[in-house]
Amino acid sequence: QVQLVESGGGLVQAGGSLRLSCAASGRTFGSYAMGWFRQAPGKEREFVVAISRTGGSTDYADSVKGRFTISRDNAKNTVYLQMNSLKPEDTAVYYCAATLLSTNYVPATTNEYYYWGRGTQVTVSS
């Protein structure tokens with residue numbers, strides 16, 4: 001079982017930056033693909049970005065390409081989401097997710113992830 005705890009959310013002005021972290025429990029973090037999803041009020045949860053077990057492959061939603069960067073430190077059991085040039089439409093609760101894989105496949109849908117954190121609020125003011 002994996003427990004995920006997100007941190008780093010907050011209130012930022014448009015054009016600003018935030019760095020989210022997701023700390024995972026357990027000793028097999030390197031066996032999990034990791035993803036970030038977000039959910040705005042009244043909307044469905046949507047894919048933001050994901051990274052393979054080793055960090056060698058990533059996948060980004062078109063809406064965040066060039067602005068967001070995902071990375072992971074398997075020695076620290078942590079995945080990061082660096083968010084730059086934030087826009088008001090990035091406002092949402094951001095969720096970290098994990099799924100156990102034997103390949104370097106990068107899942108990009110909610111039903112491919114088994115473990116979820118409780119989320120951290122990101123609010124971007126205009």
Side-chain angles (χ1 to χ4, degrees):
Q1 181 134 2
V2 175
Q3 293 184 328
L4 305 174
V5 179
E6 302 97 334
S7 62
L11 173 64
V12 64
Q13 289 187 334
S17 298
L18 282 175
R19 188 195 197 202
L20 305 184
S21 298
C22 173
S25 64
R27 293 177 288 180
T28 58
F29 180 69
S31 298
Y32 291 82
M34 302 295 297
W36 286 97
F37 292 76
R38 66 187 181 187
Q39 188 166 17
K43 295 187 176 181
E44 292 187 354
R45 191 170 299 189
E46 66 174 3
F47 170 74
V48 177
V49 60
I51 190 167
S52 63
R53 302 180 309 159
T54 62
S57 298
T58 57
D59 189 14
Y60 290 85
D62 288 343
S63 59
V64 305
K65 281 181 181 176
R67 299 188 300 121
F68 291 12
T69 303
I70 190 171
S71 61
R72 66 187 296 162
D73 186 337
N74 286 353
K76 295 183 178 180
N77 282 17
T78 302
V79 63
Y80 305 98
L81 180 61
Q82 178 66 43
M83 305 186 295
N84 298 328
S85 302
L86 283 161
K87 305 175 181 180
E89 51 263 45
D90 294 319
T91 295
V93 177
Y94 282 70
Y95 296 91
C96 176
T99 192
L100 183 64
L101 289 175
S102 60
T103 69
N104 283 322
Y105 171 65
V106 183
T109 60
T110 55
N111 60 8
E112 294 180 283
Y113 286 87
Y114 192 77
Y115 300 100
W116 293 84
R118 293 187 175 184
T120 185
Q121 176 71 46
V122 171
T123 303
V124 184
S125 63
S126 57

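Owing to the predicted nature of the structure, the values given are computational and were not obtained by experimental measurement.
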Return the minimal non-hydrogen interatomic distance between [X] and [Y], and the atom names on each side.
X: Ser71; Y: Val79; answer: O-CG2, 3.1 Å
X: Ala24; Y: Phe29; answer: CB-CD1, 3.5 Å
X: Ile51; Y: Val106; answer: N-CG1, 4.0 Å
X: Leu18; Y: Leu86; answer: N-CD1, 3.8 Å
X: Thr99; Y: Pro107; answer: CG2-CG, 3.8 Å
X: Ala33; Y: Leu101; answer: CB-CD1, 3.6 Å

Of all pairs that satisfy ring pair (Phe, Tyr, Trp, His ring centres under 6.0 Å), the ones with a partner from residues 59-78, not counting sequence neighbours: none
[atom1]-[atom2] distance between [X] and [Y], expressed to the nearest 0.5 angstrom:
X: Thr103; Y: Arg53; atom1: OG1; atom2: CZ; value: 6.5 Å
X: Asn77; Y: Gln3; atom1: CG; atom2: CD; value: 12.5 Å
X: Leu81; Y: Met34; atom1: CG; atom2: CE; value: 11.5 Å
X: Leu20; Y: Gln82; atom1: CG; atom2: CD; value: 9.0 Å
X: Arg72; Y: Thr54; atom1: CZ; atom2: OG1; value: 7.5 Å

Summary of salt bridge (charged side-chain N to carboxylate O under 4.0 Å, His left out) pairs that have at least one residue in residues 89-105, sequence neighbours excluded: Arg38-Asp90, Arg67-Asp90
Quick check: does any side chain N or O of [X] sit under 3.5 Å from a backbone N or O of [Y], one acting as donor and the other as acceptor?
X: Thr91; Y: Val124; value: yes
X: Glu6; Y: Gly119; value: yes
X: Ser57; Y: Ser52; value: no
X: Asp59; Y: Tyr105; value: no

Cluster companions of Phe47 among Ile, Leu, Val, Met, Phe, Trp, Tyr (side-chain spacing under 4.5 Å): Phe37, Val93, Tyr95, Tyr113, Trp116
Apart from Val5 itself, residues in the same hydrophobic cluster as defined by side-chain heavy atoms under 4.5 Å: none
Verdict with reasoning, Val64 to Met83, per side-chain contact (heavy atoms from CB on, under 4.5 Å): CA-CA 9 Å; Val64 305; Met83 305 186 295; over 6 Å; no
4.5 Å side-chain heavy-atom contact, Tyr80 and Arg19: yes
Residue pairs fulfilling disulfide bond (SG atoms under 2.5 Å apart) with at least one residue in residues 17-116, sequence neighbours excluded: Cys22-Cys96
Residue list, side chain to side chain contact (heavy atoms under 4.5 Å, CB included) with Thr28, at least two apart or on another chain: Ser31, Tyr32
Tyr114 reachable from Val2 in the ILVMFWY side-chain graph, under 4.5 Å edges: yes
